[in-house]
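A short worksheet on the structure shown next.
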Amino acid sequence: MRPRPKRCRRRRSWVDCADRTLASPRRGPTAQGGIVLGIREARARLLTACLELAPRPEGVTEVPTDGIAITRPPKPEMGDWAVPAFPLAKAWRRNPAEVAKQWAESMRADLARPDGVLGALCAGVRDAQAAGPYVNLTIDPATTAGSVLGQVTRRGDRFGWATVPTGETVMVEYSGPNTNKPLHLGHLRNNVLGMSLSNLLEAAGHRVIRVNLVNDRGIHICKSMLAYQRWGEGTTPASSGEKGDHFVGRMYVLFDQKLKEEMAAFAAARDVDPSTWSRAALKELTDKDELKRREAAAEAFEREFLAASPLMAEARALLRLWEADDPETRALWSTMNGWVYEGFRATYARLGCRFDKWYYESEVWQLGKSEVERGLETGAFYRNPDGSVWARLESLGMQDRCVLRADGTTVYLTQDIGVAMQKFRDYGMDRSIYVVGSEQDAHFKNLFGVLKLLGHTFADRCHHASYGLITLPAGMGKLKSREGTKVDSDDLLELIKGDARQKIEEGGYCEDPAAIDGIAEMIGQGALKLFLLQVSAEKSIQWNPLETIAFNGDTGPAVQYSHARICGILRKGLAAGLITEDDLERSATRGFGPFLKSERVDPGLLVEPLERDLLRALADTEDVVQTAAERYSPAPLAAHLLELTKAFARMYHEHEVLRAASPELARARLQLSLAVAQALRNGLALLTIEAPDRM
RNA sequence: GCGCCUGUAGCUCAGUUGGAUAGAGCAGCGGAUUUCUAAUCCGCCGGUCGCAGGUUCGAGUCCUGCCAGGCGCGCCA
């Protein structure tokens, strides 16, 4: 009855050689040997140097490295990097502050030596000061600026990405639509999470395979088919001018309406009042026994009705015909699914959603069956007297689950066992991620448990990337396609786009009317997608369809706006002749730049606190991407982009870029701004959001 | 009844393997613009981190119990 809810290859082999190129000999982040390191690598060397200088107690040579990681001090003026003394203090049973003090002294002594360790391993370390249990390190601003700008300009649209491929292949399954209805807001969250997660894993250096598993069979499709046969009057999406998925979705709603009418008549005939167990009526009840009684009554009535309903009987008959390969039924099924796919393709294309592989439940639904036999042989499963087969999940601290019905047909869990095996057979990936709503948490626990029982070693490499539901405010019910309280994806995208278009026209910064449509689309999606991705996945999101989505504050458009303004600054600079095309380098093929040619920029001029804040935020980007990928969560990246955006807004509000005190400073600031634009564009892309040049 | 998730400012949310003084946005109030785009910036206001214990040098973060909300507990998918 309830369809699989909201389940919601490409090869990219790249070795980025940019970081191995020789840096300008004049300045920049050159460590000895002239090799420019990635920011993460440089920091790793800094940590190595620091550990070497740790103040060991008498007779100790080993330094514990566990748990020591370089972090940022809470305030910029305290320094650029912070090394905690806790782990050392703990290992040596000493006071952390005391260790930090000695450690800082040892570092300062090292810095004073011409052949010091710090100087050899990392350029630009200026000072080390103990502050409580931490040692705060100060880096020469020019070195930092040169290093960061060098990174961004060299890596272009790969800035923020891992510099070396991991060689690991990760599969991400997401979207998982049902072919009986269009995509709604719940699917949007799934799709955006799935797309973004895939991008992040790619950026972390993995090869990613994007997979869709379509629920294209089952009783729910038969309902749409039946409604179409009965009341469709031979119309088609083409003849009614309707998007295919909406057309079929309408049939599904139609079936539900007719079924409700049937139910009302059924209830009237038996003299029962279904409103006594409506959601509202149950909410008001305080008597728990009464509540239970009502719920039981509701369930009993529904069961009775569904068993007696002629419409349901017909739908079930249609399902049997489908399973028996009845040509006429299969033909109608193909036709209607075809309509739906046409609609899906349009929505997916609009969202920028793509897949390397499509699995269809109609093709894989019986795959797990052979595993049942094997499970019985190995003792992972057992057979009940009635013939049904069960998995011994109790041995893993769970409840045993049915994997084969008494009548010999498979269940959802069995199907997923088969699909999981098929996936690993097809791609041999190292990890398999399922982006599916939290209402299926238990299902995936069971699935992975059963895979383990069956001895599949890949069970440990499967992960359910769970996310919370999208709920409507109290009193507005639930998102349900059947009852029309869904928030349709297409409608929603159109609505937000309209708001965006209005703002663009008010702003008047887009002279070309033909371009407005595309920009409105980018901004509308930016608002929606960042709204969805900002929140940690496991949390549910309350959505009020009556409130328009915000464009101000911590929003996608705010990030896009900063990007657009930077593009605007560059345009102004070129138009005013303050810089020329000859000053620039850009590569259209890699979404690279534009940047000023690095030999025409002196990063050492970027000494203002607001500029340094910005450089620091830029430098954190690679770490954030890595963390986001590790945690299967785009939210940290969303937060980071907003941070970067605000840091930029503060900087350019306070300091003029093009009209800076000197042409040299203007160029340095412009380069900084262009680097920010690149970082924002890259980050947004990982969140599946595009960045317009003007808005 | 059992299991999982959530609970942080009036609202919506961040808060890395436990670590420096718990941060943003919105709303409210007060300021900033003959603009390199005000989809902006600055300031103010706002907190017993659901409650109570515990672990330790240190807890929003870990453990136990309780309270509140959500989801799940089918031979449905």
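Chain naming here is simple, since letters A, B, ... match the order of the sequence lines and numbering starts at 1 in each.
- Between A:S466 and B:C4 there is no side-chain N or O to OP1 or OP2 distance below 4.0 Å.
- Here A:N552 reaches the OP1 or OP2 of B:U40: one of its side-chain N or O atoms lies under 4.0 Å away.
- Seen from the ring of A:W390, A:R401 does not count as a face-on cation partner, given the 6.0 Å and 45° thresholds.
- Looking at heavy-atom distances under 4.0 Å, A:R631 makes contact with sugar-phosphate atoms alone, never a base.
- Comparing A:S388 and A:T71 along RNA chain B, the residue whose closest nucleotide (by nearest heavy atom) sits nearer the 5' end is A:T71.
- Of the listed nucleotides (B:C71, B:A77, B:U21), B:C71 has the atom at the smallest distance from the side chain of A:E439.
- Among the atoms of the strands shown, base atoms are found under 4.0 Å from some heavy atom of A:A131.
- Distances were taken from every side-chain heavy atom of A:K646 (C-beta onward) to each of B:A20, B:G25, B:A39; the shortest belongs to B:G25.
- Across the protein-nucleic acid pair, A:Q440 atom CD and B:G72 atom P stand 10 Å apart, rounded to whole Å.
- A:E656 comes within 4.0 angstrom of a nucleotide base, judged by non-hydrogen atoms across all strands.
- A distance of 9.5 Å separates CD of A:Q399 from CG of A:L393, quoted to the nearest 0.5 Å.
- As rounded to whole Å, 8 Å separates atom C1' of B:A77 from atom NE2 of A:H220.
- Here the nucleotide nearest the side chain of A:I504, chosen from B:C71, B:A39, B:A77, is B:A39.
- Using a 4.0 Å heavy-atom criterion, one finds that A:H464 contacts no nucleic acid atom at all.
- The heavy-atom pair separating A:L658 from A:L578 by the smallest distance is CB-CD1, 3.8 Å.
- Closest to the side chain of A:N215, from the set B:A77, B:C4, B:A32, is B:A77.
- Distance A:K181 NZ to B:A77 P: 15 Å, rounded to the nearest Å.
- As a whole-Å value, the separation of A:K90 NZ from B:U55 P is 15 Å.
- If you check B:U40, B:A77, B:C5 against the side chain of A:Y412, the one that comes closest is B:A77.
- Taking the nucleotide of RNA chain B with the nearest heavy atom to each of A:D554 and A:P96, the more 5' of the two is matched to A:D554.
- When all heavy atoms of A:G160 and A:T621 are compared, the closest pair comes out as CA-CG2, 4.1 Å.
- When each of B:C73, B:A77, B:G72 is scored by its nearest atom to the side-chain atoms of A:H443, the top-ranked nucleotide is B:A77.
- Counting only heavy atoms from C-beta on, A:K503 has its side chain closest to B:A39 among B:U16, B:A39, B:U40.
- Looking at A:S536, its side chain never comes within 3.5 Å of a backbone N or O of A:K539 through a donor-acceptor pair.
- If you check every strand for non-hydrogen atoms under 4.0 Å, A:A406 touches a base.
- Close to B:G7, at under 4.0 Å from its OP1 or OP2, lies a side-chain N or O of A:K539.
- Residue A:S536 is classed as a sugar-phosphate contact, given heavy-atom separations below 4.0 Å to backbone atoms only.
- Residue side chain A:N136 reaches the base of B:A20 through a donor-acceptor N/O pair under 3.5 Å, judged by distance alone.
- In this entry the distance linking CD1 of A:I541 with P of B:C5 reads 19 Å, nearest Å.
- A:M398 comes within 4.0 angstrom of no nucleic acid atom, judged by non-hydrogen atoms across all strands.
- Using a 4.0 Å cut-off, no side-chain N or O of A:R650 falls inside it from OP1 or OP2 of B:U40.
- Neither OP1 nor OP2 of B:G72 sits under 4.0 Å from any side-chain N or O of A:R401.
- If you take CZ of A:F444 and C1' of B:C4, they are 15 Å apart, rounded to a whole angstrom.
- Although no hydrogens or angles enter the test, the distance criterion places a donor-acceptor pair under 3.5 Å between the side chain of A:R189 and the main chain of A:G468.
- Here the C1' atom of nucleotide B:A39 and the CD1 atom of A:I519 are 13 Å apart, to the nearest Å.
- Residue contacts for A:I566: at a heavy-atom cut-off of 4.0 Å it reaches no nucleic acid atom on any strand shown.
- The P atoms of B:C42 and B:U33 are separated by 15 Å, rounded to the nearest whole Å.
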RNA chain B base-pair string [pairs: Watson-Crick or G-U under 3.5 Å; |: paired with another strand]: (((((((..((((.....[...)))).(((((.......))))).....(((((..]....))))))))))))....
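- The pair A:E323-A:R217 meets the salt-bridge criterion, since a charged nitrogen lies less than 4.0 angstrom from a carboxylate oxygen.
- Residue contacts for A:A82: at a heavy-atom cut-off of 4.0 Å it reaches a base atom on one of the strands shown.
- Within the structure, a side-chain polar atom (N or O) of A:R405 is placed less than 4.0 Å from OP1 or OP2 of B:C76.
- A heavy-atom distance below 4.5 Å is not found between the side chains of A:S673 and A:R565.
- Under the 30°/60° scheme for interplanar angles, the aromatic rings of A:H184 and A:H187 are found to be tilted.
- Aromatic ring orientation, A:F448 versus A:Y434: tilted (interplanar angle from 30° to 60°).
- Atoms CG (A:L306) and C1' (B:A77) sit 15 Å apart, rounded to a whole Å.
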